[in-house]
Number of protein chains: 2
Amino acid sequence: MRILLIEDEAALAGPLVEHLAADRHLVEWFDTLADAESAERASPFDVILLDLHLPDGDGLEFLKSLRDRRVHTPVLILTARDKVSDRIKGLNLGADDYVIKPFDLDEVKARIHTVCRRGEDKLAQITAIGDLSISLADHSVMRADVPVRLTTREWQVLETLVRRKPAVVPRESLEAALYAFGEEVESNALEAHISRLRAKLGKDLIVTHRGLGYALCP
Amino acid sequence: MRILLIEDEAALAGPLVEHLAADRHLVEWFDTLADAESAERASPFDVILLDLHLPDGDGLEFLKSLRDRRVHTPVLILTARDKVSDRIKGLNLGADDYVIKPFDLDEVKARIHTVCRRGEDKLAQITAIGDLSISLADHSVMRADVPVRLTTREWQVLETLVRRKPAVVPRESLEAALYAFGEEVESNALEAHISRLRAKLGKDLIVTHRGLGYALCP
DNA sequence: CGCAACCTTACGCGAACCTTACGGGGTACA
DNA sequence: TGTACCCCGTAAGGTTCGCGTAAGGTTGCG
């Protein structure tokens with residue numbers, strides 16, 4: 001999952017990034033609203049973690065402009081215990097939840113999880129296709145009851161396909177899910193990953209729609 | 001798990017009771033605060049689901065009196081989307097989380113789960129993996145019924161891995177568990193400990209997730 | 001047939017990781 | 001004060017492995 005973290009305290013952000021990365025998420029961390037905004041405009045995220053107190057402006061303004069632009073990405077506010085009014089404003093402006101600093105890393109993970117699931121209902125459950133079952137919750141894949149080990153990249157591809165099932169996902173979207181802003185790749189790396197995924201999970205799982213993209217088998 | 005549900009709308013409560021019962025929970029449902037309070041006094045619950053708008057009083061009052069009585073049972077508030085201030089008051093009075101009505105049944109389940117997990121005490125249990133058993137309580141490890149001597153550092157690594165099982169634990173988390181603030185280490189000391197642990201406990205116990213961290217075998 | 005999109009596979013680099021030996025520093029006991 | 005022991009950080013050298021790259025094959029559509 002692509003996560004946008006907007007937080008200016010490195011002491012908080014660092015461990016959080018590590019913790020989420022260990023959960024196979026792609027986290028992009030910015031410490032100013034300006035940078036975060038351009039990243040968000042470049043390509044959409046699945047969740048936004050937003051600190052309200054930032055060097056170059058008010059996080060609530062950012063949230064408001066986001067919603068004004070009809071961007072409905074779930075927003076999780078990171079707030080200090082004593083900033084009650086900020087929390088209220090945030091919820092009124094369309095934030096989905098908040099976490100009180102200093103936060104427990106596992107709690108943030110859990111909140112991200114529930115917040116994401118609100119719109120997507122069944123996606124958090126286990127997806128079963130043929131002889132394999134994919135659990136978005138704990139990032140595991142079983143094929144005929146034996147666990148399959150995927151690499152980070154492979155998992156990211158599979159995850160986005162599952163999340164958008166049964167839609168056809170254009171390769172640009174997949175590449176955006178793999179590579180952070182500024183580290184794009186100029187080769188058929190994506191095709192290579194698809195190929196390796198097919199080798200591990202079966203040839204029929206991912207179907208190619210020529211000129212359009214990829215989709216999971218129906 | 002014993003769950004106390006306080007909710008006066010039967011249309012909401014009914015399906016929720018069924019859904020939780022299907023998940024092997026024991027749900028007791030009351031539609032007045034008076035009944036709920038006497039039930040709570042009679043014997044403690046593991047979680048309380050609390051609607052704020054009730055025929056015989058304010059749910060927040062109930063919550064406050066609960067906390068005043070030093071009852072720390074996790075409380076999950078059921079609230080309407082537009083009652084933001086109630087939510088904030090609830091959280092300030094010691095509620096643990098809230099769910100917005102009309103709620104998704106699975107979401108309520110998930111929230112109950114996370115809320116309960118916070119205080120859970122897993123210290124007493126013995127973890128068995130393959131031919132070895134690990135007791136967090138008395139800091140001992142047995143391999144095929146013979147005790148294994150671990151050094152302090154080795155034990156700290158193993159313990160954090162057990163506590164987070166089956167999650168992948170980033171190396172930063174492990175290092176944080178080993179070294180206090182200000183006495184960090186700049187070498188591959190952690191890797192050395194992992195290696196020595198593997199020598200003592202078997203090569204397959206700790207699996208490496210390249211770029212992410214370590215985890216106990218599944 | 002021709003071309004473009006896509007598949008597969010091998011290769012190689014570089015980073016991440018493993019192993020092992022060494023030595024400092026602490027502790028115990030005489 | 002000396003000696004024996006052992007924990008543990010350090011560093012060096014070796015190994016593994018993910019991943020991007022590119023070359024050559026395959027598919028499919030006009």
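Proteins come first, then strands; the chains are lettered A, B, ... in the order of their sequence lines, and each starts at number 1. These numbers come from the heavy atoms of this one structure, side chains and all, not from hydrogens, waters or symmetry mates. Everything numeric in this text was worked out from a predicted model, so none of it was measured.
Two residues are said to be in side-chain contact when any heavy atoms from C-beta on lie closer than 4.5 Å; A/Thr79 and A/Val99 fail this criterion. For the pair B/Val47 and B/Arg2, the minimum side-chain heavy-atom distance is 4.5 Å or more.
Residues of residues 197-210 of chain B having a heavy atom closer than 4.0 Å to DNA chain D, listed by number: B/Arg210.
Nucleotide C/dC17 holds its C1' atom 13 Å from the CG atom of B/Leu212, rounded to whole Å. Between A/Glu175 atom CD and C/dC6 atom P there is a gap of 11 Å when expressed in whole angstrom units. Atom CD1 of A/Ile194 and atom P of C/dT8 are 10 Å apart (whole Å).
Checking side-chain atoms of A/Glu7 against main-chain N and O of A/Glu9 turns up a donor-acceptor pair under 3.5 Å.
Evaluation of the side-chain hydrogen bond (donor to acceptor under 3.5 Å, both in side chains) rule for B/Thr208 yields B/Arg198 as partners, not counting sequence neighbours. Evaluation of the ring pair (Phe, Tyr, Trp, His ring centres under 6.0 Å) rule for A/His25 yields A/His139 as partners, not counting sequence neighbours. For A/Asp35, the side chain to side chain contact (heavy atoms under 4.5 Å, CB included) criterion is met by A/Phe30, A/Thr32, not counting sequence neighbours.
The number of heavy-atom neighbours closer than 6.0 Å to NZ of B/Lys200, taken from other residues, nucleotides and ligands shown, is above 12.
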All N/O contacts under 3.5 Å from nucleotides 7-10 of chain D to the protein, with atom names and distances to one decimal?
{"from": "D/dC8", "atom 1": "OP2", "to": "B/Thr151", "atom 2": "OG1", "distance (Å)": "2.4"}
{"from": "D/dG9", "atom 1": "OP1", "to": "B/Arg153", "atom 2": "NE", "distance (Å)": "2.8"}
{"from": "D/dG9", "atom 1": "OP1", "to": "B/Arg153", "atom 2": "NH2", "distance (Å)": "3.2"}
{"from": "D/dG9", "atom 1": "OP1", "to": "B/Tyr179", "atom 2": "OH", "distance (Å)": "3.4"}
{"from": "D/dG9", "atom 1": "OP2", "to": "B/Tyr179", "atom 2": "OH", "distance (Å)": "3.4"}
{"from": "D/dG9", "atom 1": "OP2", "to": "B/His193", "atom 2": "NE2", "distance (Å)": "2.6"}
{"from": "D/dG9", "atom 1": "N7", "to": "B/Arg196", "atom 2": "NH2", "distance (Å)": "3.4"}
{"from": "D/dT10", "atom 1": "OP2", "to": "B/Ser187", "atom 2": "OG", "distance (Å)": "2.9"}

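Applying the ring-ring contact (aromatic ring centres under 6.0 Å, His included) test to every pair with at least one member in residues 196-218 of chain B, sequence neighbours left out, gives no pairs at all.
With distances taken from any side-chain atom of A/Arg171 to the nucleotides C/dC6, C/dT19, C/dT9, the minimum falls on C/dC6.
Regarding contacts with the backbone of C/dA5, every side-chain N or O of A/Tyr214 stays at 4.0 angstrom or more from both OP1 and OP2.
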